[in-house]
Amino acid sequence: MPDPSLLRLVNGVIWPGFTGRTVPAWLDRELRDGLAGAVYFAPNLDPDDPQQPGRLSAALRERNGSAIIGIDEEGGTVTRLHATTGSPLPDAAALGSIDDEHVTRAAGRALGAMARAAGIDLLLAPVADVNSNPRNPVIGVRSFGASTDLVSRHVAAMVEGIQEQGVGACAKHFPGHGDTSQDSHLSLPVLDLSRAELESRHLPPFQAAVDAGVRAVMSAHLVAPGFGPLPATLNPAAWSLLRSFGFDGLAVTDALDMAAIRSTIGMGAGAVQAVLAGADLLCTGNPAQRGPGQAQRSDEDVFLEVQTALLAALDDGTLTPARLEESLERRSAFTEWAGSPSDVTLPSTPDRTLWTDAARRAFRFTGAKGVATREAGNGSRTGAATGMGVIDARHAGSLATGPLADVFTRALAARTGTERRTAADTSQALAALSDLRAEAADVVVLLCDDLTGPGQRDLARRIAAADGGVVVVNTGMMPVDPPAFGVIHTFGASAPAAAALAALLLNPSRKSLTYKMIVS
């Protein structure tokens with residue numbers, strides 16, 4: 001049995017995810033032995049019981065009153081609190097498209113209010129990455145945009161808004177994940193840019209977050225120029241650079257179960273190296289989404305791998321108690337701050353009309369000047385009009401986002417009959433189009449999320465050429481070279497974006513179904 005005092009030191013830097021909607025036995029045990037806290041993901045939360053997250057948080061604090069309870073909640077596409085219905089707040093890219101810092105600060109306040117209502121101390125947001133690579137597979141609409149200045153301003157506004165609610169913000173992913181062409185959930189990315197480019201383009205948003213008083217910063221599992229061969233999470237030079245910005249808050253690792261760490265150095269060795277490098281909280285990750293070959297590992301097994309490695313490093317002198325105590329001091333400072341929230345609070349449910357209007361302001365229109373419209377029941381087709389048809393050609397989510405809620409079909413179906421088909425390629429999309437038109441769909445919406453690459457772009461071009469009445473909707477980043485055919489760019493797949501699209505396409509003032517003309 002390990003020395004109880006050393007066990008508490010080790011547990012004090014581990015911040016695990018866990019399985020289920022109640023406290024498992026192993027988590028109960030470790031919380032009582034000083035565990036740093038826990039991080040929520042969608043499977044921990046009951047979408048049908050708004051009070052369940054708060055009860056779960058209270059149960060965790062019964063075991064450990066100083067536990068830090070976090071959640072991987074960004075609003076927009078990456079949402080755990082609203083995983084089945086879509087976030088009630090727009091994506092960061094939509095806020096960047098609006099480019100009104102007051103709106104972004106209000107979104108931060110709303111995020112903080114939702115977190116407080118769920119008993120959460122620390123939000124793993126905002127994303128401070130400058131999405132400078134249009135083909136970035138993991139950031140995209142999670143970023144405020146491709147401009148360093150824009151991202152810096154909105155990161156600061158989001159941090160301020162979140163923390164006005166007495167909830168800590170965690171800017172991520174230091175020193176910047178926006179120029180990668182690989183997903184660190186699946187491999188170890190290497191930034192192909194100079195140190196000067198990193199400093200001028202990708203570091204300023206993190207400085208802006210620090211200047212705004214951000215309470216935590218999360219590392220990126222990537223190799224950055226000038227830091228040597230180690231990924232930033234394990235690299236003393238990266239953490240030292242962050243501290244040189246004037247940051248004295250919690251240094252949080254990205255999930256150690258991601259392949260960039262797990263499949264290279266390994267989770268246990270990675271945990272030891274991360275602490276030696278300067279990390280204060282070791283996020284072990286989401287037990288429900290660990291990628292290929294990881295589903296068979298339990299949440300407890302993953303935790304014990306990290307705990308065992310840290311205890312062994314203490315035993316052989318690789319780690320010192322003093323180093324762990326330094327992190328525990330920062331954790332104590334955070335919990336003291338989080339225990340004294342601002343008096344400014346908001347309702348825990350964001351104003352639906354307000355955020356639908358904001359999402360509509362973010363829309364951009366490129367290509368053709370309009371889309372064909374027609375009125376249902378006008379005799380142009382036989383059979384009962386189903387109203388809307390949806391062809392969903394988007395990717396089905398990722399390890400970062402989890403499965404995506406079908407917010408667009410839901411929003412359209414709330415106004416009129418709607419049929420949905422999925423399509424993985426052009427032939428499937430053409431078949432779906434024929435099927436929906438045969439069923440008398442008056443307007444067909446084609447959903448895409450990657451018009452920067454040839455696959456969906458060609459698919460959308462073929463569909464637009466085959467039927468000029470199809471409304472092409474891009475929920476991903478707007479390409480720097482938009483296609484010639486008409487596209488509505490929503491900058492994300494939030495519930496407000498879907499509601500705004502439905503309102504744009506459907507005129508509720510007419511008894512018969514009317515589709516509005518879209519003018520760019």
Side-chain angles (χ1 to χ4, degrees), residues 14-19 39 41-43 70 72 74 77-78 80 124 127 129 131 133 135-140 142-143 170 172-192 218-225 227-235 238-239 251-277 279 281-310 395-404 450 453:
I14 309 177
W15 205 37
F18 64 97
T19 301
V39 184
F41 295 92
D72 188 26
E74 300 170 10
T77 301
V78 178
R80 318 304 179 184
L124 299 183
V127 169
D129 305 313
N131 196 70
N133 182 353
R135 298 291 295 143
N136 192 310
V138 68
I139 302 300
R142 302 166 62 197
S143 166
C170 181
K172 60 188 186 185
H173 308 82
F174 185 83
H177 214 308
D179 206 3
T180 59
S181 58
Q182 296 171 294
D183 182 349
S184 49
H185 293 83
L186 304 173
S187 62
L188 176 59
V190 177
L191 289 180
D192 184 20
M218 175 177 280
S219 64
H221 299 329
L222 53 79
V223 177
F227 293 150
L230 288 174
T233 297
L234 314 182
N235 201 315
W239 290 120
V252 183
T253 73
D254 206 346
L256 296 177
D257 64 349
M258 293 163 63
I261 301 298
R262 184 194 74 236
S263 298
T264 55
I265 188 173
M267 287 187 63
V272 173
Q273 185 62 49
V275 174
L276 287 171
L281 283 181
L282 305 172
C283 182
T284 63
N286 179 2
Q289 286 189 272
R290 289 217 162 95
Q294 292 299 302
Q296 71 276 16
R297 302 195 67 201
S298 72
D299 49 2
E300 183 177 8
D301 286 342
V302 170
F303 165 78
L304 288 174
E305 180 178 346
V306 171
Q307 183 192 61
T308 300
L310 292 172
H395 300 299
S398 68
L399 289 175
T401 65
L404 298 179
D450 183 12

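Excluded from the calculations below are hydrogen atoms, water molecules and symmetry mates; all remaining heavy atoms, backbone and side chain alike, are included.
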- Task: Keeping the roles fixed (side chain from Thr308, backbone from Glu305), state whether a donor-acceptor pair exists under 3.5 Å.
- Result: no
- side chain to side chain contact (heavy atoms under 4.5 Å, CB included) between Leu230 and Val223: does it pass, once the steps are laid out? CA-CA 6 Å; Leu230 288 174; Val223 177; over 6 Å; no
- Task: Start with the C-alpha distance between Thr180 and Val190, add both sets of side-chain angles, then the distance that settles side chain to side chain contact (heavy atoms under 4.5 Å, CB included), and finish with yes or no.
- Result: CA-CA 7 Å; Thr180 59; Val190 177; over 6 Å; no
- Item | Close side-chain approach of Leu234 to Leu276, heavy-atom, < 4.5 Å | no
- Message: For a quick test of reading the model, state the closest non-hydrogen atom pair linking Cys170 to Met218 and the distance between them.
- Response: SG-N, 3.5 Å
- Task: Kindly give the heavy-atom pair with the smallest separation between Thr264 and Ala260, and that separation in Å.
- Result: OG1-O, 2.6 Å
- Message: Under a 3.5 Å distance rule, please check whether Thr253 uses its side chain to pair with a backbone N or O of Leu282 as donor and acceptor.
- Response: no
- Does the pair Lys172/Glu74 count as a salt bridge with the N-to-O cut at 4.0 Å? yes
- Say you draw a straight line from CD1 of Ile139 to NE2 of His173; how long is it, rounded to the nearest 0.5 Å? 5.0 Å
- Message: Any heavy-atom pair between the side chains of Phe303 and Thr284 that's under 4.5 Å?
- Response: no
- Query: Is the backbone N or O of Ala259 less than 3.5 Å from a side-chain atom of His221, with the two atoms forming a donor-acceptor pair by type?
  - Reply: no
- Query: Is Trp239 reaching over with its side chain to a backbone N or O of Thr233, donor-acceptor style, under 3.5 angstrom?
  - Reply: yes
- Please report the shortest heavy-atom distance between Leu256 and Met267, naming the atom on each side. O-CG, 3.1 Å
- Item | By side chain to side chain donor-acceptor pair (under 3.5 Å) - contacts of Asp254 (at least two apart) | none
- Inspect the contact between Arg142 and Asp129 and indicate whether a charged nitrogen and a carboxylate oxygen are less than 4.0 angstrom apart. no
- Any chance you could measure Trp15, atom CH2, to Cys283, atom SG, to the nearest 0.5 Å? 6.0 Å
- Is Arg135 close to Asp450 at the side-chain level, that is, under 4.5 Å between some pair of heavy atoms? yes
- Hey, could you give me the CG/CZ distance between Asp72 and Phe41, rounded to the nearest 0.5 Å? 5.0 Å
- Between the side chain of Asn131 and the main-chain N/O of Ser143, is any donor-acceptor distance below 3.5 Å? no
- Query: Taking Asn136 for the side chain and His177 for the main chain, is one N or O donor matched with an acceptor at less than 3.5 Å?
  - Reply: yes
- Task: For the residue pair Leu188 and Pro231, establish whether any side-chain heavy-atom pair is separated by less than 4.5 Å.
- Result: yes
- List for me each residue that meets side-chain contact (heavy atoms from CB on, under 4.5 Å) alongside Ala224, sequence neighbours excluded, and say none if there are none. Pro175, Leu191, Leu198, Leu222, Phe227
- Query: Quick one: do Asp257 and Arg262 make a salt bridge, cutoff under 4.0 Å?
  - Reply: no
